[in-house]
Amino acid sequence: MADTSSPPTDQLAVTTLDEEVPKAQFSDRVPIRSIISRPDGGSGLAGRKARVGGWVKTGRKADKDAFAFLEINDGSCAGNLQVIVEASLGELGQLVPTGTCVVVDGHLKLPPAGTKQKIELRADKVLHVGPVDPAKYPLPKMRLTLEFLRDFVHLRSRTNTISAVARIRNALAYATHTFFNKEGFLYVHTPIVTTSDCEGAGEMFQVTTLLSEAERLEKELLQNPPPTEADVAAARLVVKEKGDVVSQLKAAKATKPEIGAAVDQLKKAKESLAKVEERSKLKPGIPKKDDGKVDYGKDFFARQAFLTVSGQLQVESYVCALSSVYTFGPTFRAENSHTSRHLAEFWMVEPEIAFAELKDDMNCAEAYVKFLCQWLLDNCLEDMEFMADKFDKGCIDRLKLVASTPFIRVSYTEAVEILEDAVKNGKKFENEVKWGIDLASEHERFLTEVKFQKPVIVYNYPKEIKAFYMRLNDDLKTVAAMDVLVPKVGELIGGSQREERYDVIQSRIKEMGLPLEPYEWYLDLRRYGTVKHAGFGLGFERMILFATGLENIRDVIPFPRYPDTTSGSLRFSFWPN
């Protein structure tokens, strides 16, 4: 009877020895993900050749320094590949330090029975070593706090936590584009530099060349002082003298060439005088108008300009032509806040929908958030399991809850009544509860985590606490605004039906104390072919906080920007600036 049992491991290795695991399309190595993230953990690749490259997470010598075990990670997935290197292939002392980069050729082998790994690589050749001095490397092989890692932002992506956050962030960005493209939205790139304040809060970073120009001019004037009054008088005298020569030649009926030459000399003298007079007016410092205010007419854009706090106003111009659009990019706010929820630079996802009202806006926001949660569960589960194990045991259950549960919808007035009832029943909030307040994070989290224990959409807010562009309701007290509240972070999305009535939005701009002139282009959207439309903004970093369970927003963006707590200036996390 024929033997139908599986061949021994050694025999399997022989039969597949010359086959090579396919490399990445644009890189000369096999991504570790394509080996260990297979359903069989990579065991089906035993006996095949592979070239891998990555950074050593842990390394140790064994069997009296005869060989070394290296745990290699290349960032393609959370897991590591164990590589076994014999001493004959290279200096093991250079290979084992944490942080070392290596590229090796080898054969994939099944590890001994009972070990954690499903597959390992026996090195045949060491192709590259990027050495590390263990005495100087700032990320030793030990558990490091996230706060510590913020001082080494240029290296922290090598840690398990930050690399997992990077993959989760990438997955959410990909899911965002997938969702909106699937739903027929067009991606619009809105400007970073703007002249309008979307929120009307005035907390904007100014963009100007006046300071650098003033510094340049000051240095120039020190090296080449401006003309004195005597210099100007002398230049004027030269012009007068040249003019007298021309007059004399004409009176003497000189030849045309003689007169022409004298006229040329006069023109040059006048040009020289103009330059002298212009330079004599130069003064060090920021240019000022007669009333003492800064003369922004001398600035790069000939007017005040800022880093954007939102792409919403600009993307509205496209929704009034293309019907369904979204923007996804960096925004900036010069808010001197040191909380774990604020950054000076952050990313926003901002869709706009034409022919839509507030209910459509809420429906879109709910569908989008559910899509993001399900996407992580379907495509990023390994990293989410890591976050659940190390930081927030409930993060995966939270994603499942949001992905599968209809969102509760309550009006702002109803929400305040719920909070007031809670206070009457003994609940204590740090911030006072009354109609007209902007709900604090503690209020939002009470509604979503305690009262309803699911996502909540609060709508129809008092007009005094919302932006000028939100549509005024018939009660003249509230606007058609909505916030999506989720467990862990509170407000995740803020949106509204936009005010499409020209006279109403013009009045609202004036009520907010904002000048009309910078918004004339925005008012044109209401003057010419106005349409009902709605939209919202999702704080991308807040979505990552919600998903991962991390506490500080500085840990979910690659290069956090925030005020320096010591000097009051903007902190660039030391590296890289």
Side-chain angles (χ1 to χ4, degrees), residues 3-24 27-129 141-142 158-160 163-164 167 381-383 385-386 389-390:
D3 183 5
T4 58
S5 62
S6 299
T9 302
D10 291 343
Q11 182 181 340
L12 179 64
V14 170
T15 58
T16 59
L17 189 62
D18 293 329
E19 295 184 40
E20 188 172 355
V21 180
K23 295 178 181 177
S27 179
D28 189 28
R29 102 289 184 213
V30 178
I32 290 175
R33 175 189 176 96
S34 65
I35 297 174
I36 67 174
S37 294
R38 290 161 45 104
D40 62 4
S43 60
L45 298 174
R48 299 180 68 175
K49 293 190 295 185
R51 174 174 295 175
V52 300
W55 291 264
V56 176
K57 289 291 186 177
T58 63
R60 62 182 177 87
K61 299 177 186 178
D63 196 17
K64 298 180 179 180
D65 297 350
F67 58 89
F69 291 105
L70 308 178
E71 293 283 331
I72 305 296
N73 185 280
D74 65 359
S76 61
C77 62
N80 304 325
L81 177 66
Q82 179 166 278
V83 178
I84 302 171
V85 184
E86 294 182 357
S88 60
L89 299 179
E91 173 53 51
L92 298 184
Q94 270 200 323
L95 297 176
V96 296
T98 297
T100 302
C101 181
V102 297
V103 179
V104 299
D105 280 342
H107 283 81
L108 293 165
K109 301 282 187 178
L110 294 175
T115 57
K116 180 181 177 182
Q117 299 87 4
K118 298 292 181 66
I119 196 74
E120 61 188 18
L121 185 79
R122 299 289 182 94
D124 298 326
K125 187 176 183 181
V126 177
L127 302 174
H128 167 78
V129 178
K141 187 178 66 175
M142 59 183 292
R158 298 187 184 189
T159 65
N160 294 334
S163 60
R167 288 185 291 270
L381 188 57
E382 183 183 20
D383 288 309
E385 288 173 341
F386 172 83
D389 179 52
K390 302 298 183 182

Please name all residues satisfying side chain to side chain contact (heavy atoms under 4.5 Å, CB included) with Arg33, sequence neighbours left out, ordered by chain then number. Ser37, Ser76, Cys77
Is it true that Asp124 and Lys49 have a side-chain N and a carboxylate O under 4.0 angstrom from each other? no
Verify side chain to side chain contact (heavy atoms under 4.5 Å, CB included) between Trp55 and Thr100, making sure each step is shown before the conclusion. CA-CA 5 Å; Trp55 291 264; Thr100 302; over 6 Å; no
Looking at Ser43 and Ile119, what are the two nearest heavy atoms and their distance? CA-CD1, 4.1 Å
Take Val104 and Val52 through the test side chain to side chain contact (heavy atoms under 4.5 Å, CB included) and record every step on the way to the result. CA-CA 6 Å; Val104 299; Val52 300; 3.7 Å; yes
State the NZ-CD distance between Lys23 and Glu20, to the nearest 0.5 angstrom. 5.0 Å
ring-ring contact (aromatic ring centres under 6.0 Å, His included) against Phe386, all qualifying residues, sequence neighbours excluded: none
Nearest non-hydrogen partners of Leu95 and Val102, listed with the distance: CD2-CG1, 3.8 Å
Between Glu385 and Lys390, does the side chain to side chain contact (heavy atoms under 4.5 Å, CB included) criterion hold? Intermediate values first, please. CA-CA 9 Å; Glu385 288 173 341; Lys390 302 298 183 182; over 6 Å; no
Is the shortest heavy-atom distance from the side chain of Ile72 to the side chain of Asn80 under 4.5 Å? no
If only atom types and distance count, is the side chain of Glu91 paired as donor or acceptor with the main-chain N or O of Gly93 below 3.5 Å? yes
From the list Arg48, Arg122, Lys125, Arg51, salt bridge (Lys or Arg N to Asp or Glu O under 4.0 Å) partner of Asp105 resolves to Arg51
So, for Ala66 and Leu92, which heavy atoms are closest and what is the spacing to 0.1 Å? C-CD1, 4.3 Å
Heavy-atom pair of closest approach, residues Ala78 and Asp383: CB-OD1, 3.6 Å
Would you give the length of the straight line joining atom NZ of Lys109 to atom CG of Leu45, rounded to the nearest 0.5 angstrom? 13.5 Å
Considering only NZ, NE, NH1 and NH2 on the basic side and carboxylate oxygens on the acidic side, decide whether Lys118 and Asp40 come within less than 4.0 Å. no
Looking at Leu89 and Ala123, what are the two nearest heavy atoms and their distance? CD1-O, 3.3 Å
Distance from Glu120 atom CD to Glu71 atom CD, nearest 0.5 Å? 10.0 Å
With no hydrogens and no angle check, is any side-chain donor or acceptor of Thr115 less than 3.5 Å from a backbone partner on Pro111? no
Show the nearest heavy-atom pair for residues Asn73 and Gly79, with the distance to one decimal. ND2-O, 2.9 Å
Using 0.5 Å steps for rounding, measure from the CG atom of Leu121 to the NE2 atom of His107. 9.5 Å
Walk me through whether Leu70 and Val85 qualify under side chain to side chain contact (heavy atoms under 4.5 Å, CB included). CA-CA 8 Å; Leu70 308 178; Val85 184; 3.9 Å; yes
Just checking, any donor-acceptor pair under 3.5 angstrom between side chains of Asn160 and Lys57? yes
Is the number of heavy atoms from other residues, nucleotides or ligands under 6.0 Å of Gln82 CD greater than 12? yes
Working to the nearest 0.5 Å, report the span between OG of Ser163 and CG of Asp74. 10.5 Å
State the CG-CG distance between Leu108 and Leu81, to the nearest 0.5 angstrom. 7.0 Å
